[in-house]
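Report on the structure given below.
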Amino acid sequence: MASIDALRHTTSLAESELLELYRRMVLLRTFDERAVVYQRQGRIGTYAIAWGHEAIQAGATFALGDDDWIFPSYREGAIGLVRGMPAETILQWWRGHPSGWWSPADWNIASICVPIATHVPHAAGLAWGKKLRGEKVVAMAFFGDGATSEGAFHEGVNFAAVMNAPAVFVCNNNHWAISTPIESQTRAETLADKAVGYGIPGVRVDGLDVLAVYEAAREAVERARSGGGPTLIEAVHYRAAPHGTADDPRAYIDLARVEEERANECVGRYERFLRDAGLLNEQLVASTRTDAEDLMRAGIAAAEAEPPPDPELLFTRAYVDPPANLRHG
Amino acid sequence: MSILQRTFAMADLTLVEAVNDALHTELARDENVLVLGEDVGRAGGVFRATAGLLDRFGADRCVDTPLAEAGMLGAAVGLCMAGWRPVVEMQYDAFSYPCLDQLITHVGRYHWRTSGRMEFPITIRMPYGGGVRAPELHDDSPETYYVHTPGIKVAIPSTPADAKGLLAAAIRDPDPVVIFEPKFVYRTARGEVPEGEHVVPLGQARIARAGTDVTLIAYGAMVPVCERAAGELAGEASCEVVDIRSLRPLDERTILESVAKTGRVVIVHEAPRTVGFGAELAAIIAEKAIFDLQGPVLRVTGFDVPYPYWTIEDSYVPSVARVAAAVRTFL
């Protein structure tokens, strides 16, 4: 059994921070598991499953300050939870209700990016723009392994590197882009190697080890904030859940491998680690889960209680200053 | 100098000089405006539209970027989130195609996506159109792709004064605006341009030449072609030339008033015919002015072919002769 002293060699985080990290992982996990149920019940629309990605999302964002910006892909759709965004807001996004379309300025979290990798240049622009204003703000963008094949990934990371913009690019390498394995995306030995081409540091980290992800992100954020420019972090794991609620991976994936990966999933792994360190007991595990479940129950209830949106919204948000003929259909 | 004198002081400028004047004026007026693009800094732009900005405003506000059109426009989205008003130069019309990904998936949608809470006051400007004897893909008229994208506004000047005024309006507009600058007349269109601040509001057409028998509707480099055709036809028909200036928002009223007066319409654009902006104009006229018409709405356009080798481009671009021939079918 690890002692608190042994823990000190592993992480610089205080005990309260280690537990907060755990709370956030449980929150993300609970959101995901409930969201899949809600989708099956017809209470939300098609949903992109994030099960198993909690260590990456909670760990990387734990290195950010409140003024730093997060640029999520759909896989990080629930990442606002780590900053206290109501579950209701995120559920409404998946319900196609306008109240789920938050203002990025309120949370320093950009809108969920649905097309692959096209938000990478946005993160570069935000980081560069803040730097031009003399503000010490870091932008962190999340995307998958498939995204590294897109031109927008290349243009965005290169742009940030050339501008020496304070950006951190977190590649969630779960080995699969729907049914396309990483071998069909790249001949590169690692995705972190791609950083060499941009003249920036590339770091490879175990995506199931929340503390390792946090440490890699902390270093990258510090470097960015102190003028050292961007970093590419490749967080490696294996997608042990379908791509989304409309996907059936039995057609393409090795189910035995999935079972193996599920046994090593990141929330349970961190839980064991905290228990071994004597920081977590049965009661705290139970109350953390209950709190997260309560939050989700309240979230879906609030979402479903909201009246249907006004069709007038078709026209009122397309332009700040709309053309006169906008209503001609 | 009094304000009154300054307001009415005029300079004799070419169209591209007027663009440059607008950029200098707007960057001086608003410290949140910055210019980015390929070769816009040290070189001052391949057409010198951004000349002098680097020296005057510094490398933070006139930025030479990597050669990446989607990257430039994507970065502009992030710049808006950081409070900037970016003016992005696409070096040539057809070089802008990679940026359509950002334009369609983000630039036209982000204000909506934030529930109308954040503004994305991006200006995209680019030289467009043929006639300059350049290699392939330096000659396109891609305005339809842009104006078809929801959330985007599009304007196309034909005179130096409008080139300055429309660009200023675009930079000050809270929505993304694309300005196409007619490169064929960049240095041949010359005229009086108000000094200092000069804004031509988006959505106001201009009667370039008054007439009573036939309405010629055009924008950009086709306006002078229509004016010359009207001059050539002077003894046969009185042609009114409507320079629409702004494709969205569109000044339908000025168009419909002209059609009510003449009853005959020829729409002229350089872009290929099918689903070109002329089709939209013809549909509007059919919907709202059918009883004013005394003949079919005609179009004189580029053809549905790739923009040709420049040795035969004069057979592609609508000419005075083709416009005049279309008008004569009414006579």
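Here is the naming used below: chain letters follow the sequence lines, and residue numbers restart at 1 for every chain. Bear in mind the structure is a predicted one, so any value in this text is a computation, not a measurement.
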Check: Between A:H328 and B:E287, does a side chain to side chain donor-acceptor pair (under 3.5 Å) hold up when you go through it step by step?
Finding: CA-CA 12 Å; A:H328 297 187; B:E287 278 176 16; 5.7 Å; no
Next item on the list: Please lay out, stage by stage, how B:T105 and A:V114 fare under the test side chain to side chain contact (heavy atoms under 4.5 Å, CB included).
Entry: CA-CA 9 Å; B:T105 59; A:V114 174; over 6 Å; no
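Within a 6.0 Å sphere centred on CZ of B:R109, heavy atoms belonging to other residues, nucleotides or ligands number 12 at most. Crowding of B:H24 atom NE2: a count of heavy atoms from other residues, nucleotides or ligands under 6.0 Å exceeding 12. Atom OH of A:Y198 sits in a crowded spot, with more than 12 heavy atoms from other residues, nucleotides or ligands closer than 6.0 Å. Atom CD of A:E306 has more than 12 heavy atoms from other residues, nucleotides or ligands within 6.0 Å. For B:R56, the CZ atom counts as densely surrounded, since its 6.0 Å shell holds more than 12 non-hydrogen atoms of other residues, nucleotides or ligands. Heavy-atom contacts from other residues, nucleotides or ligands closer than 6.0 Å to CG of A:D66 number 12 or fewer.
Ranked by heavy-atom pairs under 4.5 Å with chain A, the first of B:H111, B:M81, B:R248 is B:H111. Note on A:M163, A:R133, A:K130: by heavy-atom pairs under 4.5 Å with chain B, the leading option is A:R133. Options B:G83, B:P121, B:G108, B:A76 differ in how many heavy-atom pairs under 4.5 Å they form with chain A, and the most are formed by B:G83. The greatest number of non-hydrogen atom pairs below 4.5 Å with chain A, out of B:P174, B:G151, B:G116, is found for B:G151. Among A:A124, A:A105, A:A324, A:A127, the residue making the largest number of heavy-atom pairs under 4.5 Å with chain B is A:A105. Contact count versus chain A (heavy atoms, under 4.5 Å) is highest, among B:A68, B:A75, B:A70, for B:A75.
Residue B:E69 touches chain A through its backbone alone, counting heavy-atom pairs closer than 4.5 Å. Both the backbone and the side chain of B:T65 come within less than 4.5 Å of a heavy atom in chain A. Contact annotation for B:H106: only side-chain heavy atoms (C-beta onward) come within less than 4.5 Å of a heavy atom of chain A. Residue contact with chain A, scored on non-hydrogen atoms closer than 4.5 Å, involves the backbone of B:P150 exclusively. Neither the backbone nor the side chain of B:L73 comes within contact range of chain A; no heavy atom of the residue lies under 4.5 Å from a heavy atom of that chain. Residue B:F120 does not touch chain A at all, counting heavy-atom pairs closer than 4.5 Å. Neither the backbone nor the side chain of B:D251 has a heavy atom closer than 4.5 Å to any heavy atom of chain A. Contacts of B:D60 with chain A are made by both backbone and side-chain atoms, with heavy-atom separations under 4.5 Å. For A:A123, no part lies under 4.5 angstrom from a heavy atom of chain B. Both the backbone and the side chain of B:R113 come within less than 4.5 Å of a heavy atom in chain A.
A cation-pi arrangement, defined by a distance under 6.0 Å to the six-membered ring centre and an angle within 45 degrees of its axis, is absent between B:R117 and A:W102.
Heavy atoms only, all atoms of each residue included: A:H122 and B:G74 are closest at CD2-O, 3.2 Å. The two residues A:G129 and B:A82 come nearest to each other via the heavy atoms C-CB, 3.8 Å. Nearest heavy-atom pair, A:P98 versus B:S115, reported as atom, atom and distance to 0.1 Å: O-OG, 3.6 Å.
If you take CD1 on B:I152 and OH on A:Y319, they are separated by 7.0 Å, rounding to the nearest 0.5 Å. Taken from OG1 in A:T316 to CH2 in B:W112, the straight-line distance is 12.0 Å, to the nearest 0.5 Å. Taken from CG in A:L126 to CG in B:L79, the straight-line distance is 8.5 Å, to the nearest 0.5 Å.
Panel note: side chain B:D175, backbone A:D321; a donor-acceptor pair is recorded below 3.5 Å.
The side-chain heavy atoms of A:E155 and B:P66, taken from C-beta on, include no pair separated by under 4.5 Å. In this structure the side chain of A:W128 reaches within 4.5 angstrom of the side chain of B:L36, judged on heavy atoms. Taking 4.5 Å as the limit, some side-chain heavy atom of B:T114 sits within range of a side-chain heavy atom of A:S111. Within the 4.5 Å cutoff, the side chain of A:V320 has no heavy atoms near those of the B:D173 side chain.
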